[in-house]
Amino acid sequence: MDALRSTPGAALSSAPHLSDSLGNPLSLDDPTSLRAVNDFVEGFISCEARAVDVLAAADDPSPIVQAYCATLHLFAESGDAAANARPFIERAQAASARATSREQRYIAAIAAWAEGDITRAIALHEEQAKEHPRDLASLKLGQYHCFNVGDCPGMLRLALTALPHAGDVPYLHGMAAFGQEQCHRMRDAEASARRAIAMERKEPWAHHALAHVMLTEGRLAEGLDFMQGMSDTWVALNSFMVTHNWWHVALFLIDLGRESEALAVYDEHVWGVVKEYSQDQIGAVSLLARFELAGIDVGDRWQDVGRYLAHRLDDHVLPFLDLQYLYGLARAGRPEADALLQHIEDFAPNAPRSTRNAWQRVCVPAAHGLLAHARGDPATAIEELGQALPRLIEIGGSHAQRDLFEQVYLDALVRKGTAGSLAGAQGILQQQVNRQPESLRLLRQAAAVYARLGLPA
């Protein structure tokens with residue numbers, strides 16, 4: 001693609017005229033690392049697995065190479081991710097005097113991330129977008145941080161800052177599309193996604209953004225047809241992107257009443273790509289939970305997921321992740337669920353300042369509510385989740401992902417079965433049916449509630 005071919009950059013003392021494939025000047029000690037750098041940049045913004053190929057150049061002491069290696073370690077989203085990234089960060093910082101100003105800012109942002117200072121990391125990525133708008137790896141990473149703290153306008157602002165300067169890159173339009181969708185600007189989101197796909201059919205992030213639009217607007221059959229029609233391009237992607245897009249396919253299938261097909265998607269495409277990875281694990285947890293909430297028997301699938309979740313008790317990377325680890329452990333019947341709840345309570349007051357409120361005020365009550373629901377205590381689930389839901393955006397995740405917690409709350413209302421809780425369930429369900437009249441799942445749930453209330457469906 002023309003947008004990803006090397007363009008000349010400013011002369012640098014260590015390696016004159018070297019630039020990455022988006023035109024950003026590089027300071028490389030070893031010019032042969034250019035290919036690895038481009039694999040990271042291009043792979044990262046296109047959600048392709050080749051981003052990890054930069055690790056093959058880890059012996060190159062060039063600051064930006066070390067920073068990119070650190071980035072990959074941090075994306076493991078594990079308890080030891082920061083420790084594994086730290087040697088690379090330290091080498092990048094030690095050599096930063098010979099780096100460009102763009103590279104120096106990127107290194108500082110990665111260091112802030114490793115230290116848990118997400119506020120500073122976001123600020124640095126915003127500066128980068130203004131000063132170097134074609135540094136799309138930095139921009140995408142800034143969006144990731146905004147997403148994880150619920151700053152949807154920040155996601156969109158980053159993309160719009162760069163668009164006048166990098167509109168030739170299809171993946172930037174995909175980034176803009178998702179920012180638009182998370183800000184509820186559906187028409188702009190769809191236009192940006194379709195523009196990205198017109199420029200590059202294999203643009204999985206744009207597919208993902210358009211799936212969100214169609215799900216939110218209740219265009220379920222259309223969304224399923226679209227995603228299945230694009231699925232032939234979901235090759236050579238990182239495990240999150242391929243499993244998450246198939247996760248969206250499964251959501252459409254559940255709502256359309258095609259239960260056996262949804263289970264097959266889970267078995268063949270969602271669980272089992274990289275079982276050790278955080279995002280693959282929460283995708284499995286949230287989909288299994290949705291199956292059960294829709295009345296679908298998942299057999300012994302929880303047990304396999306639970307074996308991997310049992311290693312997550314001390315991670316505390318993101319509250320959004322810990323909550324789903326907890327629910328999955330509880331549904332698998334594993335005693336580690338109690339340990340994780342205790343660890344969340346102990347960690348929350350000591351969380352990094354930029355995320356402490358989300359851990360204390362949202363994650364802790366939500367954790368109690370989810371554990372209660374998983375163990376058949378709807379009254380406690382209602383009480384605890386009711387505290388967390390109004391502020392749930394603070395823990396990150398997309399609207400579609402956080403909908404899981406709202407579904408659990410709704411199910412708890414129905415299971416409690418009092419006049420008041422059923423009235424609350426009716427109000428929630430009818431609004432959802434109004435938005436998604438194609439959903440057989442919602443129509444079935446609403447009909448059951450209306451029958452218990454003595455009302456016609």
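A quick note: this is a predicted structure, and the numbers were derived from the prediction, not measured. Atoms considered below: every heavy atom in the structure, side chains included; atoms not considered: hydrogens, waters and symmetry mates.
Note on ring orientation: taking the six-membered ring where Trp is involved, the planes of Phe320 and Phe405 are perpendicular (angle over 60°, cut-offs 30° and 60°). Classification of the Phe291-Tyr266 ring pair by plane angle, with boundaries at 30° and 60°, yields perpendicular.
Residues Ser78 and Tyr277 bring no donor and acceptor atom of their side chains to less than 3.5 Å of each other. For Gln407 and Asp403, the side-chain atoms include at least one donor-acceptor pair closer than 3.5 Å. No donor-acceptor contact under 3.5 angstrom links the side chains of Gln303 and Arg334, judged on distance only. Looking only at atom types and distance, the side chain of Gln104 has no donor-acceptor partner in the side chain of Ser96 under 3.5 Å away. A donor-acceptor pair shorter than 3.5 Å cannot be found between the side chains of Glu268 and Trp246. Side-chain contact annotation: His207 with His248, donor-acceptor N/O pair under 3.5 Å absent. A donor-acceptor contact under 3.5 angstrom links the side chains of Tyr327 and His373, judged on distance only. His368 and Glu345 share a side-chain donor-acceptor pair at under 3.5 Å. Side-chain atoms of Ser239 and Asp280 form a donor-acceptor pair, as typed in the model, at a separation below 3.5 Å.
Looking at every heavy atom in both residues, Ala51 comes nearest to Gly43 through CB-C, 3.9 Å. Here the closest heavy-atom approach between residue Asp322 and residue Ile344 is recorded as OD2-CG1, 3.7 Å. Of all heavy-atom pairs between Trp234 and Pro204, the closest is CD1-CB, 4.3 Å. What you find for Ala112 and Arg120 is that their closest heavy atoms are CB-CG, 4.0 Å.
Asp20 contributes a side-chain N or O that, together with a main-chain N or O of Leu22, makes up a donor-acceptor pair within less than 3.5 Å. No donor-acceptor distance shorter than 3.5 angstrom exists from the side chain of Asp411 to the backbone of Leu293, with no hydrogens or angles considered. Remark: the backbone N or O of Ala221 is paired with a side-chain donor or acceptor of Glu438 at under 3.5 angstrom. The backbone N or O of Leu313 sits less than 3.5 Å from a side-chain atom of His343, completing a donor-acceptor pair. At least one donor-acceptor pair closer than 3.5 Å links the side chain of Ser421 to the backbone N or O of Thr418. With Arg402 contributing its side chain and Gly397 its backbone, the two residues share a donor-acceptor pair below 3.5 Å. For Gln66 (side chain) and Ile89 (main-chain N/O), no donor-acceptor pair under 3.5 Å exists by modelled atom type. At least one donor-acceptor pair under 3.5 Å links the side chain of Asn148 to the backbone N or O of Tyr144. No side-chain donor-acceptor contact under 3.5 Å links Glu259 to the backbone of Ile296. Judged by distance alone, with hydrogens and angles left aside, the side-chain atoms of Glu394 form no donor-acceptor pair with the main-chain N or O of Gly150 at under 3.5 Å.
At least one side-chain heavy atom of Val285 sits less than 4.5 Å from a side-chain heavy atom of Val305. Side-chain contact between Leu160 and Leu156 is present, with heavy atoms from C-beta onward closer than 4.5 Å. Counting heavy atoms from C-beta outward, Leu370 and Val408 have side chains that approach closer than 4.5 Å.
Separation of the Phe75 and Trp113 ring centroids falls under the 6.0 Å cut-off. When ring centroids are compared, Tyr68 and Phe44 stay outside the 6.0 Å threshold. In this structure, the ring of His212 has its center no less than 6.0 angstrom from the ring center of His399. For Phe240 and His244, the distance between ring centers is under 6.0 angstrom. Proximity of the aromatic rings of Tyr171 and Trp205 is defined here by a centroid distance below 6.0 angstrom, and this criterion is not met.
Enclosure of atom CZ in Arg391 by more than 12 non-hydrogen atoms of other residues, nucleotides or ligands within 6.0 angstrom is indicated. Around CD of Glu383, the count of heavy atoms belonging to other residues, nucleotides or ligands within 6.0 Å does not exceed 12. Counting heavy atoms of neighbouring residues, nucleotides and ligands inside a 6.0 Å radius, atom CZ of Arg219 exceeds 12 of them. By the neighbour-count criterion of 12 heavy atoms within 6.0 Å, atom CZ of Arg353 is sparsely surrounded, having that number or fewer from other residues, nucleotides or ligands.
By the 4.0 Å N-to-carboxylate-O rule, Glu190 lies close enough to Arg194 to be salt-bridged with it. The residues Asp53 and Arg50 are annotated as not salt-bridged, no charged nitrogen and carboxylate oxygen being separated by less than 4.0 angstrom. Salt-bridge annotation for Asp304 and Arg301: absent, with no side-chain N of the basic residue lying under 4.0 Å from a carboxylate O of the acidic one. Using a cut-off of 4.0 Å between Lys/Arg side-chain N and Asp/Glu carboxylate O, Arg157 and Glu126 are scored as salt-bridged. A salt bridge links Asp168 and Arg134; the closest N-O separation between the charged side-chain nitrogens and carboxylate oxygens is under 4.0 Å. Taking the charged nitrogens against the carboxylate oxygens, Arg290 and Asp255 have no contact shorter than 4.0 Å, which rules out a salt bridge.
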Gln324 and Ser286: side chain to side chain contact (heavy atoms under 4.5 Å, CB included), yes or no, with the steps? CA-CA 7 Å; Gln324 290 171 93; Ser286 65; 3.6 Å; yes
Show your working on salt bridge (charged side-chain N to carboxylate O under 4.0 Å, His left out) between Arg331 and Glu292 and close with a plain yes or no. CA-CA 10 Å; Arg331 291 301 302 129; Glu292 291 192 326; 2.9 Å; yes
Applying salt bridge (charged side-chain N to carboxylate O under 4.0 Å, His left out) to Lys202 and Glu48, what does each step give before you reach the verdict? CA-CA 10 Å; Lys202 184 187 177 183; Glu48 293 183 351; 3.3 Å; yes
What do the steps show when you test Thr119 against Asp117 for side chain to side chain contact (heavy atoms under 4.5 Å, CB included), and what is the final call? CA-CA 6 Å; Thr119 301; Asp117 191 348; 3.9 Å; yes
Taking it one step at a time, do Trp271 and Gln281 satisfy side chain to side chain contact (heavy atoms under 4.5 Å, CB included)? CA-CA 8 Å; Trp271 181 238; Gln281 290 169 4; 4.0 Å; yes
Assess the residue pair Ile197 and His173 against the criterion (side chain to side chain contact (heavy atoms under 4.5 Å, CB included)); give the C-alpha distance rounded to whole Å, side-chain angles, the decisive distance to 0.1 Å, and a yes or no. CA-CA 9 Å; Ile197 296 164; His173 294 280; over 6 Å; no
Before giving the answer on salt bridge (charged side-chain N to carboxylate O under 4.0 Å, His left out), spell out for Arg86 and Asp80 the whole-Å C-alpha distance, their side-chain angles and the decisive distance to 0.1 Å. CA-CA 10 Å; Arg86 194 156 289 118; Asp80 58 359; over 6 Å; no
Could you walk me through whether Arg312 and Glu77 pass the salt bridge (charged side-chain N to carboxylate O under 4.0 Å, His left out) check? CA-CA 10 Å; Arg312 295 289 187 178; Glu77 294 181 332; over 6 Å; no
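Residues passing the salt bridge (charged side-chain N to carboxylate O under 4.0 Å, His left out) test with Glu127, sequence neighbours excluded: Arg105.
Glu103 CD to Asn24 CG: the interatomic distance, rounded to the nearest 0.5 Å, is 9.0 Å. Separation of atoms CG (Leu139) and CG (Leu158) is listed at 5.0 Å; rounding is to 0.5 Å.
Asn434 pairs in a side chain to side chain donor-acceptor pair (under 3.5 Å) with only one of the listed residues (Gln430, Gln432, Gln431), which is Gln430.
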